[in-house]
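Each chain gets a letter, A, B and so on, in the order the sequences are listed, and its residues count up from 1. On a predicted model such as this, the values are computed, not experimentally measured, just so you know.
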Amino acid sequence: MVDRVDINNEGAITRTSGARMSTAEVDAWFRREVLPLEAMLMQFLQQNWRNASDVPDLRQEVYARVYQAACENLPERPKQYVFAIARNLLINRVRQGQVVPIEAASDLEALEIAADAPGPEQAAIARDELRHLQAALDRLPPRARQVIVLRRVEGLSRAEIAQRMGITEGTVSQHLEHGIRALVEILGGDPPTVRRS
Amino acid sequence: MSETSTIEEIAASWIRRKEFGDWNDVAERECAAWLEQSVLHRVAYLRLEEGWKRTERLAALREPTFRRAHPLRATQNWTGLFRIATAAVVIAAIGFVARPYLFDASDDVYSTPVGGRTILTLFDGSHVELNTNTVLRLGKNRRSATLVKGEAFFDIKHDEKNPFVVIASGHRITDLGTKFTVRDTTPGTLEVALMEGKARIENTETQLSNHSAVLKPGDTAIASASGLKVTRKPVQTLVNAISWRNGMVVFRHMSLADAAAEFNRYTQKKLVVDPKVAHLTIDGTFATENPETFARLLRVALGLTIQSRAQHIIITR
């Protein structure tokens with residue numbers, strides 16, 4: 001009888017061999033490198049896709065593909081990578097005729113140029129963050145804005161917010177959920193360079 | 001309603017629940033399961049959560065600017081100046097200490113059941129992963145943690161002015177820019193393994209020099225009543241030892257007895273090894289959630305006899 005044996009159960013090898021990233025690593029990378037590109041990505045998708053109502057789905061599809069790829073290996077140039085994925089996705093959609101006819105993606109050559117343009121916008125986002133947030137808040141529905149302000153600025157609990165606004169805690173929750181979604185949409189859809197001279 | 005919109009709605013409800021403290025181990029598990037279900041779920045969640053986190057900065061608007069609706073005309077210039085000064089201080093302070101945390105500070109005890117695993121991500125990109133059967137308290141300032149029991153992996157963003165400190169079993173581990181694990185699963189011994197960077201470990205009760213050490217990559221410190229013992233291994237060996245982060249255990253030339261003990265940390269159903277076969281050496285990579293697969297392989301590869309009972313799997317020749 002041998003005293004030693006090398007055994008591996010199926011699936012184990014691929015999951016532990018070298019490059020696979022941990023979820024926490026990919027999450028942190030995704031937050032740090034990919035999400036800040038949202039304003040640019042939205043601009044890119046809106047300019048190159050006729051049907052505006054498809055854009056949120058396209059954006060999420062780009063994110064999912066980028067994230068999936070990053071689980072194997074973090075792309076070294078995130079911005080180029082994100083826009084390459086976005087571009088391929090648009091081209092494939094056009095080719096498959098899934099949603100719109102071929103002229104929908106205006107000029108496929110132009111997509112490359114947009115992706116290569118430098119992005120000073122990000123620095124602007126950081127500098128202007130507070131003003132940017134305030135502007136976004138101003139565009140929220142009043143109740144949602146009030147809940148967010150009471151929570152973030154005044155630091156109140158849900159019960160306190162409910163009391164202050166004279167609504168139930170359940171309604172506070174609803175306003176917060178709507179508020180978060182709307183705010184993130186505004187923050188991401190609003191190219192920050194527009195306001196700058 | 002589009003799929004994106006439905007997913008987003010669910011993601012928003014998780015974030016709201018966390019924000020308002022409608023949260024417990026069950027919610028944690030359900031949320032994790034939902035995130036695992038689809039990458040579309042995960043990216044929607046990350047996007048909303050990141051956006052929501054950005055609004056923490058709104059705390060900078062507290063008092064000074066929000067009172068502007070009622071200016072005191074007679075002293076406008078003075079109070080105006082005063083307000084600007086206050087706002088600057090508040091913003092500066094917020095830049096450094098404003099609740100920069102993903103998890104709300106109101107609840108700072110995190111635990112995992114047997115077989116569980118949890119990842120805590122801190123705002124600065126640091127993260128802490130809890131292995132099976134672990135209890136960890138995270139300090140309100142998120143720069144300190146106490147390992148009450150179990151094992152945790154720390155990947156800490158170094159901040160010279162504000163080093164991350166872990167307290168475990170009477171010892172203080174201070175990060176000097178690091179990835180390390182702390183394991184306190186055997187009574188009387190504490191194990192600290194360092195994969196990257198530098199960390200200092202010291203006994204909090206004694207100043208004796210044999211009770212403190214600075215660890216370098218590959219070092220494992222084993223602390224017991226008699227002092228600290230530091231051994232150096234290839235970093236890859238230590239990395240294998242944290243395969244639990246992917247739900248795996250890696251055994252390299254490990255005795256069957258030790259391998260079974262390692263497995264038993266993760267499952268309710270325990271492996272029991274006959275002392276006659278305890279010395280057999282095991283190599284391989286296994287999913288922690290499935291001791292049955294492991295036992296089956298022992299039968300196939302080593303010809304051992306496996307008896308599965310309600311609470312135990314008995315391994316004999």
Side-chain angles (χ1 to χ4, degrees), chain A residues 1-9 11-13 15-16 20 22-25 27-28 30-32 34-36 38 53 56-57 59-61 63-68 71 129-130 132-134 137 148-149 151-155 157-158 169 172-174 176-178 180-181 183-185 187-188, chain B residues 2-5 7-9 12-13 15-16 19-21 38-40 42-44 46-52 54-62 66 91 119 121 125 127 129 155 240 243 245-248 250 253 279-287 290 293-294 297-298 300-303:
Chain A
M1 165 128 249
V2 284
D3 263 0
R4 266 201 59 197
V5 67
D6 287 325
I7 33 182
N8 257 302
N9 56 346
I13 304 160
R15 289 194 58 185
T16 49
R20 202 184 144 84
S22 80
T23 306
E25 279 167 327
D27 282 2
F30 187 81
R31 289 172 197 276
R32 189 179 65 241
V34 180
L35 288 173
E38 182 158 318
S53 65
D57 289 340
R59 178 194 64 215
Q60 294 307 109
E61 187 62 36
Y63 282 161
R65 289 178 187 206
V66 169
Y67 189 96
Q68 195 101 56
C71 290
E129 177 76 351
L130 197 53
H132 199 50
L133 276 171
Q134 271 185 292
L137 267 186
I148 290 180
V149 168
R151 178 68 190 166
R152 281 305 200 213
V153 182
E154 312 262 316
S157 71
R158 175 167 49 190
E169 292 192 32
V172 172
S173 290
Q174 278 174 20
L176 184 75
E177 288 175 24
H178 286 144
I180 291 172
R181 294 177 60 188
L183 193 73
V184 171
E185 203 62 43
L187 288 172
Chain B
S2 79
E3 200 201 353
T4 297
S5 173
I7 292 173
E8 217 181 87
E9 200 168 283
S13 77
I15 292 164
R16 182 265 303 164
E19 179 66 29
F20 283 143
S38 155
V39 185
L40 283 169
R42 185 175 293 277
V43 294
L46 289 173
R47 172 173 175 268
L48 289 188
E49 192 183 50
E50 189 65 18
W52 176 237
R54 280 171 70 181
T55 65
E56 282 178 349
R57 204 178 281 243
L58 288 170
L61 300 176
R62 208 162 279 171
F66 263 66
I91 291 164
I119 301 173
T121 302
H127 68 266
E129 298 187 32
D155 179 358
N240 286 343
S243 298
R245 293 171 60 210
N246 299 315
M248 310 300 286
V250 178
H253 315 309
H279 66 283
L280 293 178
T281 309
I282 303 296
D283 277 80
T285 304
F286 305 91
N290 204 347
T293 311
F294 177 64
L297 283 160
L298 291 176
V300 174
L302 289 177

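The two residues Ser22(A) and Glu129(B) have their closest heavy-atom pair at OG-OE2, 4.1 Å. When every heavy atom of Leu40(B) is checked against every heavy atom of Gln60(A), the shortest pair comes out as CD2-O, 3.6 Å.
In this structure, the separation between CZ on Arg152(A) and CH2 on Trp52(B) is 4.5 Å, given to the nearest 0.5 Å. The CG atom of Leu133(A) sits 6.0 Å away from the CZ atom of Arg54(B) when rounded to the nearest 0.5 Å. A distance of 9.0 Å separates CD of Glu177(A) from CD1 of Ile15(B), quoted to the nearest 0.5 Å. The CD1 atom of Ile180(A) lies 7.5 Å from the OG1 atom of Thr55(B); values are rounded to the nearest 0.5 Å.
Counting only heavy atoms from C-beta outward, the side chains of Glu38(A) and Glu50(B) never approach each other to under 4.5 Å. Taking 4.5 Å as the limit, some side-chain heavy atom of Arg47(B) sits within range of a side-chain heavy atom of Arg59(A). Inter-residue side-chain proximity for Leu46(B) and Tyr63(A) is flagged as unmet; no heavy-atom pair is nearer than 4.5 Å.
Across Asp27(A), Leu183(A), Thr23(A), the residue that shares the most heavy-atom pairs under 4.5 angstrom with chain B is Asp27(A).
With sequence neighbours left out, the side-chain hydrogen bond (donor to acceptor under 3.5 Å, both in side chains) criterion links Gln68(A) to no other residue. Take Tyr67(A) and apply the ring-ring contact (aromatic ring centres under 6.0 Å, His included) test, not counting sequence neighbours, and it matches Phe30(A).
Taking 4.0 Å as the cut-off between side-chain N and carboxylate O, Arg181(A) and Glu9(B) count as a salt-bridged pair.
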